[in-house]
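Quick notes on the structure that follows.
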Amino acid sequence: MFDEGCFPSVQAVTRGPKHHFFGYYDKSPWDSTGRYMLALEVEFMDRAPTPNDAATIGLIDLKENCLFRPVAKTYAWNWQQGCMLQWMPNTFRRRIIYNDRRDGRFISVIHDVESGEVRNLPLPIYALTHDGRYALTLNFSRLDRTRPGYGYAGVHDPTVEKKAPENDGIYLMDLRTGEYDLIISLAQIVAFRPRLDMRGAVHWFNHLLVSPDDQRFIFLHRWSSPTIGKKRITRLFTANLDGSDIYLVADDDMVSHFDWRDSTHILAWARKKGVGDHYFLFTDCSEEFQIIGKDVLNRDGHCSYSPDRRWILTDTYPDQENKRRLLLYHPETKRLIELGRFYSPPKLRGAIRCDLHPRWSRDGHYICFDSAHEDQRQMYIIDVSEVI
């Protein structure tokens with residue numbers, strides 16, 4: 001069932017002349033009270049950030065006319081995922097964490113927005129456990145080379161000459177002590193059920209996400225080589241939080257965006273040979289899968305489950321009219337609701353594109369997204385409490 005044109009009102013929560021955005025779809029900008037939202041503020045919108053470009057981190061006060069209050073600056077950010085800015089788990093009110101570049105290296109910073117107290121950690125962060133104890137991370141300098149738009153500029157990558165290094169990969173960092181370990185190396189994962197098209201290719205990791213029970217995590221293994229005639233090939237893996245019990249979930253060349261429905265099921269836009277490209281619901285550590293929204297969710301998007309896990313929120317890339325769709329899907333009833341269509345300026349393409357990257361509020365009543373349909377990068381919210 002498709003509800004066309006169910007367009008709730010859209011409210012801008014940031015305004016020019018400066019540009020504002022949040023980042024990726026797998027984090028919520030709202031604090032626990034629903035009053036404040038996190039955002040990044042920058043002076044430009046249509047080029048890649050250089051090492052000298054800072055982004056201002058601030059709070060949007062929804063009860064004070066969406067006033068933007070600056071709290072810090074960062075030199076480790078990109079258009080797709082920002083600086084991994086987010087509220088620290090179990091607080092969601094006072095402390096935030098984000099990545100920065102200081103003294104020639106990338107780090108992460110835990111910042112108390114009320115007292116101003118900060119604590120630096122030796123590695124940047126990618127994904128946090130829900131109890132706020134650990135962070136998973138990777139080499140953002142290598143990612144900047146291999147997947148422009150997702151890494152950070154400004155720090156030399158010591159693995160630049162290595163296609164699948166043994167001393168680089170996915171790290172686990174204790175957020176209390178700053179101690180960290182390499183838990184899965186690129187060389188290790190290349191040796192895991194290797195393929196012929198991996199020969200001579202450059203390998204990297206991307207998109208880490210911890211399961212709801214903090215026991216396992218997802219990661220993408222990607223590689224590219226001129227000899228294979230493809231831009232990149234992707235495999236989807238899961239593993240225990242310490243890097244053990246690695247499981248290959250999808251190995252049919254393409255996996256894009258994903259989310260955990262629960263601690264054993266993964267929703268992912270992927271390809272299965274003989275089946276096609278769909279949203280698949282995979283069962284972790286199993287060959288079981290099912291297609292989700294086969295007839296209506298037929299394009300890749302940034303998918304996430306509502307806090308009550310009943311709805312799927314996603315978007316699309318620009319169509320022939322340069323418009324992106326914002327969608328809600330109810331798997332139980334197969335109901336699809338289109339929340340809106342938003343123009344994407346053609347000048348914003350590739351690594352500097354402005355995807356909607358929709359995210360849920362913590363109570364599931366609101367959706368936030370980034371957009372440039374008014375010829376500025378700004379943040380918007382939609383009240384979906386009545387729609388769902």
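Keep in mind that the numbers below use all heavy atoms, side chains included, and drop hydrogens, waters and symmetry copies.
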Positive for side chain to side chain contact (heavy atoms under 4.5 Å, CB included) with Ile96, one of Val109, Ile110, Asp112, Leu38
Leu38

Contacts of Asp252 that satisfy salt bridge (Lys or Arg N to Asp or Glu O under 4.0 Å) - sequence neighbours left out
none

May I ask you to list the residues sharing a hydrophobic cluster with Phe258, side-chain cutoff 4.5 Å, ordered by chain and number?
Leu209, Ile218, Leu220, Leu236, Tyr247, Val249, Val255, Trp260, Ile266, Val275, Phe280, Phe282, Phe289, Ile291

Under the ring pair (Phe, Tyr, Trp, His ring centres under 6.0 Å) rule, collect the residues that match up with Phe369, sequence neighbours excluded.
Phe342, Tyr380

When the ring planes of His221 and Phe237 are compared, do they come out parallel, tilted or perpendicular, using 30° and 60° as the limits?
tilted

Ring centroid separation His302 to Tyr25 under 6.0 Å:
yes

Sequence neighbours excluded, which residues qualify as ring pair (Phe, Tyr, Trp, His ring centres under 6.0 Å) partners of Phe68?
His20

Apply ring-ring contact (aromatic ring centres under 6.0 Å, His included) to residues Trp79 and Phe21 and explain how you reach the verdict.
CA-CA 8 Å; Trp79 291 119; Phe21 71 107; 5.1 Å; yes

Checking salt bridge (Lys or Arg N to Asp or Glu O under 4.0 Å) between Glu41 and each of Arg15, Lys18, Arg69, which is the one that passes?
Lys18

The salt bridge (Lys or Arg N to Asp or Glu O under 4.0 Å) partners of Asp363 (sequence neighbours excluded) come to none

Please say whether the positively charged group of Arg47, taken as NZ for Lys or CZ for Arg, lies over the ring of Phe44, i.e. under 6.0 angstrom from the six-membered ring centre and within 45 degrees of the axis.
yes

Quiz item: cation-pi between Arg299 and Trp269, 6.0 Å / 45°
no

What pairs of residues pass the ring-ring contact (aromatic ring centres under 6.0 Å, His included) test when at least one of them lies in residues 164-187, not counting sequence neighbours?
none

